[in-house]
Amino acid sequence: NAGVTQTPKFQVLKTGQSMTLQCAQDMNHNSMYWYRQDPGMGLRLIYYSASEGTTDKGEVPNGYNVSRLNKREFSLRLESAAPSQTSVYFCASSERFDRTNSPLHFGNGTRLTVT
Amino acid sequence: AQSVTQLDSQVPVFEEAPVELRCNYSSSVSVYLFWYVQYPNQGLQLLLKYLSGSTLVKGINGFEAEFNKSQTSFHLRKPSVHISDTAEYFCAVSEWNTDKLIFGTGTRLQVFP
């Protein structure tokens with residue numbers, strides 16, 4: 001059982017380049033999330049998808065776009081990468097959009113460096 | 001607005017010693033509280049959670065946490081740590097009437113032999 005799978009694991013981009021981070025879950029979860037993790041700042045929510053067909057902004061959405069391709073897949077796109085987007089990106093999923101009874105399941109992260 | 005503070009960025013401890021990782025929160029309404037653990041090169045996983053009821057919550061791997069409403073704290077404890085407990089630990093808070101989950105900045109627990 002793979003859980004939440006993120007690709008790629010590592011990526012280096014030049015300023016202005018674009019890329020898409022892929023995420024897929026095989027737990028039949030309804031809700032999916034993208035977080036970024038920066039030293040001394042914990043995890044911050046970029047975008048989420050409460051259910052298939054919906055997406056919403058989180059705390060730090062600027063510079064990103066998302067697509068909920070189907071129930072399994074939720075991608076994050078950087079249209080024009082900036083050094084401030086250097087971070088570790090985590091995809092997560094939960095059975096329902098109810099954090100009290102639906103714990104988050106995280107992928108292993110994508111380490112992105114923008115030069 | 002809700003917020004969560006983990007005052008200790010790093011906690012070094014010897015194997016088999018007890019440990020406490022501190023978490024304080026700020027909120028004007030009832031909250032739900034969580035501890036997540038992140039092992040090296042992995043994503044986070046839920047360690048334990050407090051929703052209501054008993055203020056002492058037991059989680060996986062021998063960890064427990066106590067909700068203290070008067071001190072707005074939710075400290076994580078383990079009576080005897082193992083090398084394998086070396087990880088980063090995140091406290092998180094969610095207000096009962098919102099869909100926001102706010103993470104603290106994390107505490108890196110380093111267990112030495």
Side-chain angles (χ1 to χ4, degrees), chain A residues 1-7 9-10 21 23-25 27 29-51 54-61 87-111, chain B residues 1-10 21-27 29-53 57 59-60 65 67 74 87-108:
Chain A
N1 193 348
V4 179
T5 303
Q6 291 182 236
T7 55
K9 287 186 170 58
F10 301 94
L21 280 64
C23 174
Q25 52 91 8
M27 296 173 283
H29 284 174
N30 288 301
S31 302
M32 297 186 74
Y33 313 80
W34 276 104
Y35 285 89
R36 59 178 290 173
Q37 183 182 26
D38 301 293
M41 302 195 74
L43 273 77
R44 292 179 292 169
L45 183 63
I46 304 171
Y47 270 93
Y48 65 94
S49 171
S51 61
T54 70
T55 60
D56 284 288
K57 295 178 180 179
E59 304 168 61
V60 289
S87 186
V88 181
Y89 291 85
F90 286 100
C91 177
S93 69
S94 62
E95 187 176 353
R96 298 183 301 279
F97 191 61
D98 168 15
R99 290 170 183 81
T100 58
N101 292 302
S102 291
L104 296 173
H105 295 257
F106 284 83
N108 287 346
T110 295
R111 189 173 296 274
Chain B
Q2 66 200 80
S3 66
V4 59
T5 302
Q6 293 181 249
L7 287 172
D8 306 306
S9 59
Q10 294 188 61
L21 306 183
R22 297 182 293 168
C23 173
N24 287 87
Y25 69 91
S26 173
S27 175
V29 300
S30 295
V31 295
Y32 304 122
L33 295 155
F34 308 81
W35 276 99
Y36 279 82
V37 59
Q38 183 182 26
Y39 297 106
N41 300 313
Q42 295 184 27
L44 284 72
Q45 56 182 283
L46 183 66
L47 200 55
L48 50 79
K49 62 182 179 182
Y50 170 79
L51 304 181
S52 65
V57 180
I60 61 173
F67 171 55
F74 190 55
E88 188 143 19
Y89 293 79
F90 291 91
C91 183
V93 62
S94 179
E95 291 180 334
W96 73 273
N97 59 348
T98 75
D99 56 16
K100 284 188 176 180
L101 181 66
I102 304 297
F103 284 89
T105 53
T107 297
R108 185 172 298 277

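Lettering follows sequence order; numbering is per chain, from 1.
To the nearest 0.5 Å, atoms OH (A:Y48) and CG (B:L101) are separated by 12.0 Å.
The candidate from B:Q45, B:E88, B:Q38 with the greatest count of non-hydrogen atom pairs under 4.5 Å with chain A is B:Q38.
At least one side-chain heavy atom of B:Y36 sits less than 4.5 Å from a side-chain heavy atom of A:L104.
Around atom CZ of A:R44, more than 12 heavy atoms belonging to other residues, nucleotides or ligands sit under 6.0 Å away.
Closest approach of A:G40 to B:T105, counting heavy atoms only: O-CG2, 3.1 Å. Summarising the geometry of B:Q42 relative to A:N108, their closest heavy-atom pair is CA-OD1, 3.7 Å, with the distance given to 0.1 Å.
When heavy atoms are compared at a cutoff of 4.5 Å, A:Q37 approaches chain B solely by way of its side chain, counted from C-beta outward. Contact of B:Q6 with chain A is not made at all, since no heavy-atom distance falls under 4.5 Å.
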